[in-house]
Structure formats: C-alpha cells, structure tokens
Trainee: 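The structure is given below, and queries will be raised subsequently.
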Amino acid sequence: MTGLDIGIVIGYFLVIIAVGVYSSRKAQASSDYLVAGHRLGYGITFACLSAVLLGGASTIGSTALGYRYGISGIWLVSMLGLGLMLVGILLVKRIRELEVLTVAELLTKRFGAKAGVVTALVSALYTMMVCATQVIAMGTILQGFAGWDSATSMLVVGVVVVAYTILGGMWAITLTDFIQFILIVVGVTLVMMPACVHAAGGLSAIGAILPSSYFDITSIGLPTIVQYFFLYCLGALVGQDLWQRYLTARSVKVARRSGIASGAFILFYAIACTLVGMAAAVYMPGIDDAQLVFAKMADEVLPTGALGLVLTAVLAVLMSTASGTLLASSSLLTNDVIKPASAYLRTKSKAVVKEYLEEDRMLLKASRRMTACVGAVAIVVAVWLNNVIAALDASYAILSGALFFPIILGMFWKKATAKAALASIVVSSVVILLGLGLMGTTAVEPIMIGLAVSGAIMVSVSLLDSRIKDADINKDDL
C-alpha cells in the first residue's frame with residue numbers, strides 16, 4: 001500500500017470528523033440528534049437506508065459466500081433488502097402515526113413500561129454487538145493494509161466513528177452516510193467489481209472455469225436460505241437502526257419510495273460483491289479463509305490510488321453500519337431506560353430531576369453521553385474478545401424470534417395485551433438461547449421454535465386476557 005493510498009484513507013477520516021463538527025451545530029434538539037428532525041428528502045433518505053444495511057456482512061460476507069457458493073451468495077444481503085422494503089411498504093405509516101422514536105417506545109405505549117424496558121435492553125444489546133463487529137472488521141482491514149496491530153487499528157476506527165456520532169448524532173450520520181454511499185457506489189460497484197471480473201478473464205471465462213453449481217441460485221442450500229429469511233428479513237422488520245433511518249424522512253411517501261429504491265440497490269450490491277467472490281475463485285483459488293478474499297483481490301488487482309479508493313469505500317461501508325447501530329443502541333437506552341427512570345425519580349424528588357425533564361437540551365446531553373458510553377463498550381468488546389460472531393448471531397436470533405410478534409401484533413392487533421407481550425418476549429428469549437446453546441449458533445431451528453413460541457404466547461394469552469375481561473364486565477352488569 002503506497003503513500004497515496006494511505007493519504008486517501010487519512011483524508012477520508014479527516015472529512016468525516018469535519019462533518020461531525022459541522023453537524024453538531026444542527027443537532028440542537030433531541031429530535032434532531034435522534035432522527036434529524038424528520039426533514040430528509042428522497043435522495044438522502046435512499047442513500048442513508050442503503051448505507052445502514054451495507055456493512056461487513058454485505059461486503060466481506062457476500063464476497064466470501066460468492067467465493068464458496070457462487071451466485072447463491074446473494075441470499076444473505078437480499079434478505080436484508082427484502083426486510084428493508086417491507087418496513088417501508090407495511091410498517092412506516094403506522095410507525096409515524098404512533099409518533100414513536102424507538103421500537104421499545106412503541107411497546108411502552110402499547111403494553112407498558114416493563115415490556116418497553118425489556119425490549120430496549122434486548123435491542124440495545126443487539127445493536128451494540130453489530131457495532132462491535134463492524135469495528136472488528138474495520139480494524140482487520142486497516143491492519144492488513146496499513147500494517148498496524150489489530151488493537152491500534154480497531155481503536156483508531158472506533159474512536160473516529162464514536163467521535164462524529166457523538167458530535168452530530170443523526171445529522172452527522174446522515175451527511176456521512178451520503179458521502180459513504182457515493183464511495184460505496186464508486187469504489188465497490190464501479191471499480192472493484194469490474195477490475196476483479198477483468199482480472200479473471202471476463203464473465204465468459206468465469207462461466208467456463210467455475211463448476212455449474214456456482215450458477216445455481218439455490219446451491220447454498222434451502223436450510224441456509226430459510227435461516228437468512230428468519231434472521232435477517234424478520235430482524236430488519238423490527239430493527240431499531242432501520243426504523244430510525246426511516247423516521248428521518250420528511251413524509252411517509254418519501255420514506256416508502258426511498259425504501260423500495262434502496263432495497264433494489266441492495267440486491268444490485270449483493271450481485272456485485274458475489275461476482276467479486278466468483279472472480280476470485282477463478283483468479284486465486286484455494287484460499288482457506290474466504291473472509292480474506294475481498295482484501296486479497298483488492299491488493300492484487302487494483303492499481304495505486306484505486307486501492308486507496310476501494311479501501312476507503314469498504315471502510316465507509318463498515319463505518320455507516322457502525323455509526324447507525326451505535327446511535328440506535330444509545331437511543332434505546334436513553335429514550336426507553338434513562339428517560340422513564342428520570343420520570344420515576346421526579347415522582348420521588350421533583351427538585352432532583354426537574355431541570356432534566358423540562359429541558360430538551362438536557363436530554364440531548366444525556367443522548368451524547370450514552371453514545372460515548374456505548375461506543376466505549378463496543379470498542380472494548382471489539383479489542384478484547386476474539387470472536388463476537390456467536391454473540392451477534394444470538395442477539396440477532398432474539399431480535400427476530402422474540403420481538404417480531406410482540407411488535408407486529410402490538411401495532412396491528414387491538415386484542416394484544418401487556419401480559420402477553422412481556423411473557424412472549426421473556427419465554428421466547430429463553431427458548432432461543434437454550435436452542436442456540438444446544439444446537440449451535442448457526443442452527444435455524446431455535447429461531448423457528450422461538451417464533452412459534454412467541455406467536456403462540458402472544459395470541460393465546462391475549463385471547464385469555466380478553467375473555468377474562470369480558471367475563472368481568474358481564475359479571476359487573478349482573
């Protein structure tokens with residue numbers, strides 16, 4: 001890696017920090033910090049929705065899957081894109097009508113504080129772990145190209161992400177995501193993918209050399225495709241990071257159209273990264289660790305300058321997901337744990353929390369402090385744990401399996417009750433964790449069982465509560 005390539009990366013970091021400083025002037029209220037004041041138009045909403053889902057799994061993971069399985073490697077990212085589109089088509093109007101900022105706030109309004117706090121903690125854990133894995137991925141890439149040790153690499157990229165997120169919140173993330181989206185389009189789809197295909201001899205050579213299974217859309221296996229649906233599509237439907245990006249749009253119409261366009265682009269991006277992997281299978285077969293394929297191909301086929309651009313694009317992909325999940329985690333803890341706790345304290349000692357509750361500025365300060373705390377924890381987790389993928393899979397499984405039915409039924413089924421929601425979240429979480437412990441974190445059965453348990457408890461307990469309520473009303477009438 002030459003001085004020019006390193007200079008491009010350093011220049012990108014400086015631009016991102018400058019954007020954070022500029023955005024800090026616009027984030028003067030908590031709604032600005034959390035959802036950019038609900039003021040974004042089509043283009044920037046589309047870019048932000050795309051950027052938040054195009055993380056390490058979308059880029060490094062899809063390339064690795066393309067290297068191993070061929071075109072069937074698109075399924076992981078395609079399921080994320082499908083979930084994103086379904087939020088826009090089915091949920092965003094209802095979310096805006098309910099005037100909530102987080103998934104936990106929805107359950108608090110619908111089912112009470114206990115359900116909201118439990119949801120906030122589960123969702124915050126998930127989003128924090130996603131942030132940590134992005135820091136690990138960024139550190140690994142920077143380590144490979146710059147030659148730094150892993151801890152230093154993770155610390156540098158982690159501090160940059162945390163800094164601009166603290167300064168500007170969603171305004172900073174929005175502006176940096178737009179920059180990062182442009183880098184993604186140029187670096188990965190317009191430079192990296194064509195260069196790799198050309199190095200492998202073109203599409204015709206790839207088609208002639210690779211076995212037929214590489215062109216079978218189902219070669220990755222039906223169980224894996226089903227697992228990706230339950231993990232990533234359903235997870236996206238109830239993910240705080242995605243909801244928060246949708247809420248930045250100035251209207252439901254803007255959010256919905258931007259979401260559909262973003263889902264289509266994400267499918268295109270999945271194909272591009274999978275083609276990189278397939279080209280690598282021709283150009284450099286026999287790599288044991290497929291996660292290294294993207295970096296190795298970039299180092300082999302890209303000239304000076306282009307390498308720095310693509311490296312910056314990949315870091316941009318990871319940083320956009322890291323910053324979005326960081327803010328999502330801190331938003332959940334501030335809005336749905338700290339804020340309710342302050343309201344409770346007000347009833348006990350009004351003088352202590354009066355200023356905090358009455359001044360939106362104090363809530364903004366609390367949001368920034370929580371972002372710093374969550375960011376510090378994410379960096380520590382990234383630096384000190386050797387493998388957080390198992391914990392990430394468990395968190396994603398709980399997000400999909402334990403929260404899907406309480407959130408969806410809470411939005412659209414009037415008979416759903418607080419007792420049912422709380423029991424559904426707690427019991428299904430335990431079932432999923434036990435299943436993952438017994439069957440392994442890659443097993444799809446625990447998620448399906450958890451969904452079945454969650455749905456059954458939500459429906460049966462809600463109907464039972466409704467019958468008891470009706471019986472009490474009839475008894476009173478007598």
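This is a predicted model, so every value here is computed, not measured.
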Trainee: Does the T334 side chain pair with the main chain of S331, one donor and one acceptor, at a distance under 3.5 Å?
Mentor: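 Not a single qualifying donor-acceptor pair exists.
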Trainee: Do M448 and Q227 touch side chain to side chain, with heavy atoms closer than 4.5 Å?
Mentor: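 A side-chain contact under 4.5 Å is absent here.
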Trainee: Which value, rounded to the nearest 0.5 Å, describes the distance between M128 atom CE and L333 atom CG?
Mentor: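 If we round to the nearest 0.5 Å, M128:CE and L333:CG are 9.5 Å apart.
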Trainee: Are any non-hydrogen side-chain atoms of I95 and W243 less than 4.5 angstrom apart?
Mentor: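 Yes - at least one pair of side-chain heavy atoms lies under 4.5 Å apart.
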Trainee: Keeping the roles fixed (side chain from D336, backbone from E105), state whether a donor-acceptor pair exists under 3.5 Å.
Mentor: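 Flag set: sc D336 to bb E105 pair under 3.5 Å.
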Trainee: Do S258 and T45 get their side chains close enough for a donor-acceptor pair, meaning under 3.5 Å?
Mentor: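 Note: S258 and T45 side chains miss the donor-acceptor criterion.
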Trainee: Which heavy-atom pair separates G305 from I8 by the least distance, and what is that distance?
Mentor: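 Shortest heavy-atom separation between G305 and I8 comes out as O-CD1, 3.5 Å.
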Trainee: For the CE atom of M458 and the CH2 atom of W413, what is their distance to the nearest 0.5 Å?
Mentor: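 Going from CE on M458 over to CH2 on W413, the span is 7.0 Å.
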Trainee: Does a side-chain heavy-atom distance below 4.5 Å link L210 with F215?
Mentor: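 Counting from C-beta outward, L210 and F215 do come under 4.5 Å.
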Trainee: Is there a side-chain contact between V159 and L155, using heavy atoms and a 4.5 Å cut-off?
Mentor: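 Result yes, sub-4.5 Å side-chain heavy-atom pair found.
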Trainee: Checking the side chain of W75 only, and the main-chain atoms of I217 only, is there a donor and an acceptor separated by less than 3.5 Å?
Mentor: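 Yes, W75 side chain to I217 backbone: donor-acceptor pair under 3.5 Å.
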Trainee: What closest approach, in Å, do M411 and L91 show between heavy atoms, and which atom pair accounts for it?
Mentor: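 Taking every non-hydrogen atom into account, CE-O, 3.9 Å.
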Trainee: Between atom CG of L234 and atom CG of L403, what is the distance when rounded to the nearest 0.5 Å?
Mentor: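 Atom-to-atom, L234:CG and L403:CG are 11.5 Å apart.
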Trainee: How about V276 and T59: do any of their side-chain heavy atoms sit closer than 4.5 Å?
Mentor: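 Contact flag for V276/T59 side chains = no.
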Trainee: In terms of side-chain heavy atoms, does S262 have a donor or acceptor partner in S50 at a distance below 3.5 Å?
Mentor: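 Yes, S50 and S262 have a side-chain donor paired with an acceptor closer than 3.5 Å.
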Trainee: Just by modelled atom types, is the S213 backbone N or O under 3.5 Å from a matching donor or acceptor in the S219 side chain?
Mentor: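 A pair under 3.5 Å: yes.
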Trainee: Is there a donor in the side chain of T274 and an acceptor in the side chain of S62, or the other way round, less than 3.5 Å apart?
Mentor: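 The criterion, which ignores hydrogens and geometry beyond distance, is not satisfied for S62 and T274.
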Trainee: I'd like to know if the side chain of S329 and the backbone of T325 have a donor-acceptor N/O pair within less than 3.5 Å.
Mentor: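 Absent.
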Trainee: Please walk me through it: do V430 and L434 pass side-chain contact (heavy atoms from CB on, under 4.5 Å)?
Mentor: CA-CA 6 Å; V430 173; L434 288 175; 3.9 Å; yes
Trainee: Under the side-chain hydrogen bond (donor to acceptor under 3.5 Å, both in side chains) definition, can you give me all pairs with a residue in residues 301-314, not counting sequence neighbours?
Mentor: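 Pairs touching residues 301-314 that pass the test: none.
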Trainee: Name all pairs fulfilling the ring-ring contact (aromatic ring centres under 6.0 Å, His included) condition that reach into residues 262-282, sequence neighbours left out, sorted by first residue then second.
Mentor: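 Applying ring-ring contact (aromatic ring centres under 6.0 Å, His included) to every pair that reaches into residues 262-282, excluding sequence neighbours, yields F181-F265.
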Trainee: Nearest 0.5 Å, what's the CD-CG distance between E445 and L438?
Mentor: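 Rounded to the nearest 0.5 Å, the CD-CG separation comes out at 11.5 Å.
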Trainee: Could you measure the distance from the CG atom of L267 to the CG atom of L82? Nearest 0.5 Å is fine.
Mentor: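 That separation rounds to 10.5 Å.
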Trainee: So, do V191 and L309 sit near enough that their side-chain heavy atoms are less than 4.5 Å apart?
Mentor: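 Yes, their side chains come closer than 4.5 Å.
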Trainee: Short question: side chain of R94, backbone of F412 - any donor-acceptor pair under 3.5 Å?
Mentor: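 Answer holds: no.
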Trainee: Going by side chain to side chain contact (heavy atoms under 4.5 Å, CB included), L65 matches just one of V77, I60, I220. Which one?
Mentor: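 Testing L65 for a side chain to side chain contact (heavy atoms under 4.5 Å, CB included) against V77, I60, I220 leaves exactly one candidate, I220.
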Trainee: With respect to S454, which candidate in S400, S429, S424 satisfies the side-chain hydrogen bond (donor to acceptor under 3.5 Å, both in side chains) definition?
Mentor: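 Only one of S400, S429, S424 forms a side-chain hydrogen bond (donor to acceptor under 3.5 Å, both in side chains) with S454, namely S424.
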Trainee: Going from CD1 on I89 to CZ on R257, what distance comes out if it is rounded to the nearest 0.5 angstrom?
Mentor: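 Separation between the atoms: 13.0 Å.
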Trainee: So do R96 and L247 actually touch side chain to side chain, heavy atoms under 4.5 Å?
Mentor: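 Yes, side chains in contact.
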Trainee: Shortest non-hydrogen contact from P406 to I425?
Mentor: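 Heavy-atom minimum between the residues: CG-CG1, 3.8 Å.
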Trainee: Look only at the side chain of Y246 and the backbone of L84, and say whether a donor-acceptor pair between them is shorter than 3.5 Å.
Mentor: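 Flag set: sc Y246 to bb L84 pair under 3.5 Å.
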Trainee: Could you check if a side-chain atom of L307 sits within less than 4.5 angstrom of a side-chain atom of L4, using non-hydrogen atoms only?
Mentor: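 The answer is no; the side chains never approach within 4.5 Å.
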Trainee: Looking only at heavy atoms, what is the nearest atom pair of G375 and L326, with distance?
Mentor: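 That would be N-CD1, 3.4 Å.
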Trainee: Could you walk me through whether M154 and I136 pass side-chain contact (heavy atoms from CB on, under 4.5 Å), step by step?
Mentor: CA-CA 6 Å; M154 292 179 201; I136 291 174; 4.3 Å; yes
Trainee: Would you please test M278 and Y67 for side-chain contact (heavy atoms from CB on, under 4.5 Å) and show each step?
Mentor: CA-CA 5 Å; M278 294 171 69; Y67 188 80; over 6 Å; no
Trainee: Decide yes or no on side-chain contact (heavy atoms from CB on, under 4.5 Å) for L311 and L302, but give the supporting numbers first.
Mentor: CA-CA 10 Å; L311 174 57; L302 296 178; over 6 Å; no
Trainee: Do you know which two heavy atoms are closest between I206 and A200, and how far apart they sit?
Mentor: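 So the minimum-distance heavy-atom pair works out to CG1-CB, 4.0 Å.
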Trainee: Which heavy atom of T218 sits nearest a heavy atom of I225, and at what distance?
Mentor: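 Scanning both residues, the minimum pair turns out to be CA-CD1, 4.3 Å.
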